[in-house]
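Notes follow the structure.
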Amino acid sequence: MLNPETIEAAFHRACIAELEAIKPGNVHIHAAGHGMDVADFVESARAAAPHMANQALGVGERIWAAMRATWDAVGKNTNLGILLLCAPLAAAAGQTGGTLRERLASVLENLTVADAEHAFRAIALASPAGLGADPEMDVRSLAKVTLREAMRHSAWRDRIAFNYTTAFEDVFERGLPFMSNTRGRFSDLDEKWVVTELYMYFLRFPDTHIERKHGRWAAIAVQQMAVQHIPAFHYLVGTENAMAALLELDAKLKARGFNPGTSADLTVATMFAANLEKAQRPVA
């Protein structure tokens with residue numbers, strides 16, 4: 001069980017670390033994009049962090065409070081996906097017994113209609129690209145099912161929703177093992193490059209944020225572009241040449257309006273989980 005201060009710091013640290021790494025197509029310290037810059041995300045992380053860690057709030061309440069604080073701070077959607085993924089992790093970190101993922105599974109299993117209602121309000125406020133109107137599960141209407149049931153309805157088309165139905169499979173079965181393997185291969189690698197490696201790893205899957213906004217063909221096109229760059233990036237990792245190659249890809253994606261937002265959200269969630277797991281380990 002972690003205290004709120006530790007959870008808040010772990011969340012804020014994950015958000016800032018993600019901004020300091022090159023993430024082609026997404027916003028980072030080396031390049032703005034999509035009408036946003038790094039300052040928007042830094043301020044969003046500061047505003048959202050206390051609400052993520054507030055143990056008096058349920059999962060849905062954390063999402064809504066953090067999104068409202070974000071909107072008050074920057075007036076735009078910078079972190080909806082991050083909040084949706086990190087709120088259950090933060091709730092699990094504040095509980096006792098079992099591993100972080102076991103506690104997360106319990107949190108997800110016990111989500112309520114009230115959680116869905118608060119999350120729907122946050123989603124409606126953020127109004128993410130490609131939201132549309134679903135006659136069966138419209139976030140602008142009163143929730144009729146639990147938040148997990150609502151996510152199950154969208155799991156086939158949204159990677160964040162998919163993770164709600166699998167106890168965060170992408171984080172615990174893909175992201176965390178990949179990070180561990182990366183650190184094992186590059187023991188002296190700067191943390192910023194570990195984050196970039198993780199983000200590039202998630203780009204191997206079609207990004208559902210791009211798919212909602214531009215269609216399946218665009219998501220697959222970005223996936224293919226990323227896969228083509230990964231071998232060269234592995235060879236150049238940590239060098240100026242790697243940075244130049246990634247910034248070239250970054251410019252190409254942004255010129256076409258392609259923002260792999262889901263890949264970035266999963267990157268933050270994985271780093272947040274890693275921070276939480278590290279914080280709960282006994283000090284040797």
Side-chain angles (χ1 to χ4, degrees), residues 9-34 36-42 44-45 78-79 81-82 85-86 89 159 168 170-207 209-210 222-254 258-279 281:
F11 173 79
H12 187 264
R13 191 162 62 249
C15 292
I16 298 304
E18 182 249 0
L19 294 172
E20 293 176 345
I22 300 176
K23 305 184 311 300
N26 200 249
V27 176
H28 46 84
I29 62 172
H30 302 281
H34 314 292
M36 297 176 285
D37 59 30
V38 168
D40 293 322
F41 289 84
V42 171
S44 298
T78 53
N79 59 7
I82 290 172
L85 286 170
C86 290
L89 285 167
R159 200 78 189 181
F168 285 33
D170 283 334
V171 171
F172 289 95
E173 297 181 28
R174 297 188 175 93
L176 289 173
F178 182 81
M179 281 183 70
S180 178
N181 180 263
T182 298
R183 290 192 174 109
R185 288 187 295 116
F186 304 105
S187 58
D188 59 345
L189 194 63
D190 187 285
E191 187 69 12
K192 292 190 291 292
W193 287 107
V194 174
V195 177
T196 298
E197 280 255 329
L198 178 62
Y199 174 79
M200 295 296 290
Y201 170 76
F202 282 126
L203 279 182
R204 298 178 188 187
F205 306 94
D207 189 282
H209 176 78
I210 292 176
V222 172
Q223 175 194 29
Q224 292 174 342
M225 291 173 70
V227 168
Q228 290 170 2
H229 277 74
I230 285 172
F233 170 58
H234 283 329
Y235 178 73
L236 298 169
V237 66
T239 70
E240 290 185 6
N241 289 334
M243 183 175 290
L246 291 170
L247 287 175
E248 181 181 357
L249 176 60
D250 180 72
K252 288 180 179 178
L253 293 177
K254 287 173 178 171
F258 293 157
N259 177 11
T262 301
S263 299
D265 296 338
L266 288 168
T267 298
V268 174
T270 300
M271 291 189 297
F272 182 41
N275 291 343
L276 294 173
E277 289 190 336
K278 182 178 180 180
R281 291 190 200 112

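In this chain, residues are counted from 1 in sequence order.
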Practice item. Show your working on side-chain contact (heavy atoms from CB on, under 4.5 Å) between E20 and V195 and close with a plain yes or no. Key: CA-CA 9 Å; E20 293 176 345; V195 177; over 6 Å; no

Exercise for review: Would you check, one step at a time, whether the test side-chain contact (heavy atoms from CB on, under 4.5 Å) holds for R174 with F205?
Suggested key: CA-CA 11 Å; R174 297 188 175 93; F205 306 94; 3.7 Å; yes

**Study point:** Derivation and outcome, side-chain contact (heavy atoms from CB on, under 4.5 Å), residues L89 and F168
**Key:** CA-CA 9 Å; L89 285 167; F168 285 33; 3.9 Å; yes

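Here the OH atom belonging to Y201 is positioned 10.5 Å from the CG atom belonging to L266, to the nearest 0.5 angstrom. To the nearest 0.5 Å, atoms CH2 (W193) and CE (M200) are separated by 10.0 Å. The NE2 atom of H34 sits 13.0 Å away from the CG atom of D40 when rounded to the nearest 0.5 Å. Atom NZ in K254 sits 7.0 Å away from atom CG in N26 (nearest 0.5 Å). Remark: M179 CE to E191 CD distance equals 5.5 Å, nearest 0.5 Å. Of the inter-residue distances, the one linking E197 atom CD with F202 atom CZ reads 12.5 Å to the nearest 0.5 angstrom.
Of the possible donor and acceptor atoms, one in the side chain of Q223 sits under 3.5 Å from a partner among the backbone N and O of R204. Formation of a donor-acceptor pair under 3.5 Å by the D37 side chain with backbone atoms of A32 is not found in this model. A donor-acceptor contact shorter than 3.5 Å is absent between the side chain of K23 and the backbone of A264. S180 places no side-chain N or O within 3.5 Å of a backbone atom of L176 that could act as its donor or acceptor partner.
Closest of all the heavy-atom pairs between G25 and D250 is N-OD1, 2.8 Å. The two residues F11 and A45 have their closest heavy-atom pair at CE2-O, 4.2 Å. In this structure, P260 and L253 approach most closely via the heavy-atom pair CG-CD1, 4.5 Å. In this structure, T196 and I22 approach most closely via the heavy-atom pair OG1-O, 3.0 Å. Taking every heavy atom of both residues into account, M271 and L198 meet most closely at CG-CD2, 4.2 Å. A14 approaches V268 most closely through the heavy-atom pair CB-O, 3.8 Å.
The closest side-chain heavy-atom distance from H209 to R159 is not below 4.5 Å.
Within the structure, the side chain to side chain donor-acceptor pair (under 3.5 Å) test picks out the following pairs touching residues 262-271 (sequence neighbours left out): D207-S263, T208-T262.
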